[in-house]
Amino acid sequence: MATKYIFVTGGVTSSLGKGIIAASLARLLKARGYSVTNQKLDPYINIDPGTLNPYEHGECYVTEDGAETDLDLGHYERFTGVPTSQANNVTTGRIYQNVIDKERRGDYLGSTVQVIPHITNEIKDRITALGNTGNYEFVITEIGGTVGDIESFPFVEAVRQLKYALGKNCIVVHLTYIPYLAAAGELKTKPTQHSVKALQQQGVQPDIIVCRTEKPLTRSVKEKIGLFCNMESDCVIEDGDVSSIYEVPIKMKEEKLDLQCLRKLEVPVKNEIDLTKWEAFLYKLKNPVKEVRVGLVGKYVELQDAYKSISEAFVHAGAELNTKVKVDYIHSEYLDENNIDEKLSGLSGILVAPGFGTRGIEGKILAVKYARENKIPFFGICLGMQCAVVEFARNVLGYKDAHSVEIAPSTTHPVINMMEEQKNIANMGGTMRLGAYPCRLNEGTNAYAAYGKVDISERHRHRYEFNSAYLEEYKKAGMIPSGVNPDTSLVEIVEIPDHPYFVGAQFHPEYKSTAMNPHPLFVSFVNAALNYRNNK
């Protein structure tokens, strides 16, 4: 079967959930036995979100091959379990950079380089290459932004050209919003009609419309939308509010979104859909028998999308343990000796989050100290692990000025130092230690108990590392390396054996947690928090 291409566009307003719809459709097609991958086209001019402030764009998600990507790729992986790569996230910046590089090399033989055909050809090449090289039966490509945005014009134009070239091998799913006016007591379809007309003005006729709505769509509303938007009413799909994003695939199955896509693409239905494991996960998620409260200490807590993969990893681990994990988001910048007991005393676990820069760092170090001294289960991720190393140096080893050279370049005890290969790098974007690296675990540790094996692989995003010159001092004082990179001897995980649960990981375990395969370190941390709560 030739690869089929499904484009997901959005209209009326942003933040409707195109990524969740794209991921849910992929989940349904995969559950029917098809090979599927998701792709995101982002209209911003940054090469990737790696240098973007989390307040601007939320979390930067990292793939196995070390690409810094949009957080929607996290949704794709969490829903499908299919790893993504650099090819799955394309930005305007990367498109223009490649075209300009080609022009400088003379690839265009002196032609005038224009948006059409050169930019749109580059976009089309990125889309079709994913289908050609990955041998996928379906490529589901989400177009970032909202129809009508000037930034999205080249992407929508590329979709128009592909729809013409690929014929029945390509369809467009358009996500819109149906507002409910309480004063009139009515759902209003006019915004959707205008959104579709804006898409049509760019030469693209959607094949299916998915309608975000707070009220159920009546048959007459669906028929009205179909009449004004040139499609059968069966192709108007209701996307109502749900309590969890993980319910959306079930809702889309009930609305027959996958079947309508297969019909439009003239693909025979391969198998009966099998969502048994997904439904079992959902049942445990919605019917927990236990509850535990943990704190996430970070510097971007006003925007929870900045920690999206961590919060979702708690959801996965909680379902695995039949537990509702209540997460308190605690701003590290405002954490001090005067309020720390008030902020942290009621918690059964403390996670210190990743991040960069000096702001809020002392609050994170204080949270580590509180967890260590009060024997509260602790989990540190990336900078959180480094804060644990700094806190131990200051308050156990007695090196009061110990710090990371990222924060205090002149410290006399650089217990966290810059990696050798990073020292001569000037540019910020895409230059950290990125992607999957091996780690070897020591038996008898919390990390080994969680994974149940010696050799693992995890994704990284950092420039600084545990300074091995201090390793023997740490081991003698009671902090041990429980995981080490077998190739470089870089300390990947630290633990304190004389503590109910104290684990710090240099890597980002949250990136690999999915609904069907919760991450073992999150499961073990939540389990430790449950034990702490029960014993307390």
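Sequential numbering from 1 along the given sequence is applied to the chain's residues.
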Test item: D336 side-chain N/O and N339 main-chain N/O as donor-acceptor pair under 3.5 Å:
yes
So with a 6.0 Å cut-off around NZ of K290, is the heavy-atom count from everything else above 12?
yes
Taking the side chain as every heavy atom from C-beta outward, state whether Y370 and S345 have any pair of such atoms under 4.5 Å apart.
yes
For I416, which of L383, N467, V390 qualifies under side chain to side chain contact (heavy atoms under 4.5 Å, CB included)?
V390
Checking D42 against N89: is there a side-chain donor and acceptor pair closer than 3.5 Å?
yes
Step-by-step salt bridge (Lys or Arg N to Asp or Glu O under 4.0 Å) determination, R394 to E362
CA-CA 12 Å; R394 289 181 183 180; E362 292 301 327; 2.9 Å; yes
Polar side-chain atom of R533 near backbone of R293 as donor-acceptor pair, under 3.5 Å:
no
Rounded to the nearest 0.5 Å, how far apart are CD1 of I95 and CD of E122?
5.0 Å
Is K324 atom NZ crowded by more than 12 heavy atoms from other residues, nucleotides or ligands, each under 6.0 Å away?
no
State, yes or no, whether a side-chain contact exists between V327 and Y307 at a heavy-atom distance under 4.5 Å.
no
For residues I143 and K18, report the shortest heavy-atom separation together with the two atoms involved.
O-CE, 2.9 Å
Donor-acceptor contact below 3.5 Å, side chain D149 vs main chain E151:
no
Taking all atoms of both residues into account, what is the closest heavy-atom pair of K369 and N395, and its distance?
CD-ND2, 3.8 Å
What distance do L303 atom CG and Y329 atom OH have between them, rounded to the nearest 0.5 Å?
10.5 Å
Do F392 and Y474 have their ring centres less than 6.0 Å from each other?
yes
Keeping T323 on the side-chain end and L321 on the backbone end, is there a donor-acceptor pair under 3.5 Å?
yes
Any carboxylate oxygen within less than 4.0 angstrom of a Lys/Arg side-chain nitrogen, looking at R359 and E333?
yes
Quickly, which of H508, R459, E510, E68 forms a side chain to side chain donor-acceptor pair (under 3.5 Å) with Y61? Name it, please.
R459
Test your reading of the model: is there a side-chain donor-acceptor pair from E495 to the backbone of A447, 3.5 Å cut-off?
yes
Any donor-acceptor pair under 3.5 Å linking the side-chain atoms of E312 with those of Y246?
yes
In Å and rounded to the nearest 0.5 Å, what is the CG to NZ distance from L366 to K343?
13.0 Å
So does R105 have more than 12 non-hydrogen atoms from other groups sitting under 6.0 Å from CZ?
yes
Does the side chain of I245 reach to within under 4.5 Å of the side chain of F79, using non-hydrogen atoms?
yes
Can H462 and E406 be counted as having a side-chain donor-acceptor contact under 3.5 angstrom?
no
Ignoring hydrogens and geometry, is there a side-chain-to-backbone donor-acceptor pair from D65 to S85 under 3.5 Å?
no
Within this structure, what is the CD1-NE2 distance for the pair I361 and H403, rounded to the nearest 0.5 Å?
6.0 Å
Taking the inter-plane angle between the rings of F522 and F379 on a 0 to 90° scale, is it parallel (under 30°), tilted (30 to 60°) or perpendicular (over 60°)?
perpendicular
Ring centres of Y108 and H118 under 6.0 Å apart?
yes
Just so I know, are the side chains of T146 and S152 near enough to count as touching, which here means a heavy-atom distance under 4.5 Å?
no
Out of K512, H75, R78, which one pairs with S309 under the side chain to side chain donor-acceptor pair (under 3.5 Å) rule?
R78
Between the main-chain N or O of V523 and the side-chain N or O of N527, is there a donor-acceptor pair closer than 3.5 Å?
no
Measure the shortest side-chain to side-chain distance between T80 and V36 over non-hydrogen atoms and say whether it is less than 4.5 angstrom.
no
Side-chain H-bond candidate by donor/acceptor type, Q386 with S404, under 3.5 Å
no
Check for me whether the distance between the ring centres of F525 and H519 falls short of 6.0 Å.
no
Looking at N374 and I376, would you say the former's side chain and the latter's main chain have a donor-acceptor pair under 3.5 Å?
no
Donor-acceptor check, side chain of T445 to backbone of Y448, threshold 3.5 angstrom: yes or no?
yes
What heavy-atom pair brings K453 and L441 nearest, and what distance separates the two atoms?
O-CD1, 3.4 Å
So Y399 and H413, would you call those rings parallel, tilted or perpendicular, with 30° and 60° as cut-offs?
parallel
Nearest 0.5 Å, what's the CG-CD distance between N517 and E320?
9.0 Å
Closest non-hydrogen atom pair between S244 and L285, with its separation:
OG-CD2, 3.6 Å
Would you please indicate yes or no on a ring centroid separation below 6.0 angstrom for Y34 and Y136?
no
Decide salt bridge (Lys or Arg N to Asp or Glu O under 4.0 Å) for K476 and E473; before the verdict, give the C-alpha distance in whole Å, the side-chain angles of both, and the deciding distance to 0.1 Å.
CA-CA 5 Å; K476 288 176 184 177; E473 290 185 69; over 6 Å; no
Does the ring center of Y532 lie less than 6.0 Å from the ring center of Y501?
no
Tell me the closest heavy-atom pair linking G384 and F378, and the distance in Å.
O-CZ, 3.9 Å
Under 3.5 Å, is there a donor on one side chain and an acceptor on the other for S35 and N135?
no
Should we say atom CG of D498 is surrounded by more than 12 heavy atoms from elsewhere, each under 6.0 Å from it?
no
With heavy-atom distances below 4.5 Å as the criterion, would you say the side chains of E59 and Y300 are in contact?
no
How many angstroms lie between CD1 in I493 and CD in E458, if you round to the nearest 0.5 Å?
7.5 Å
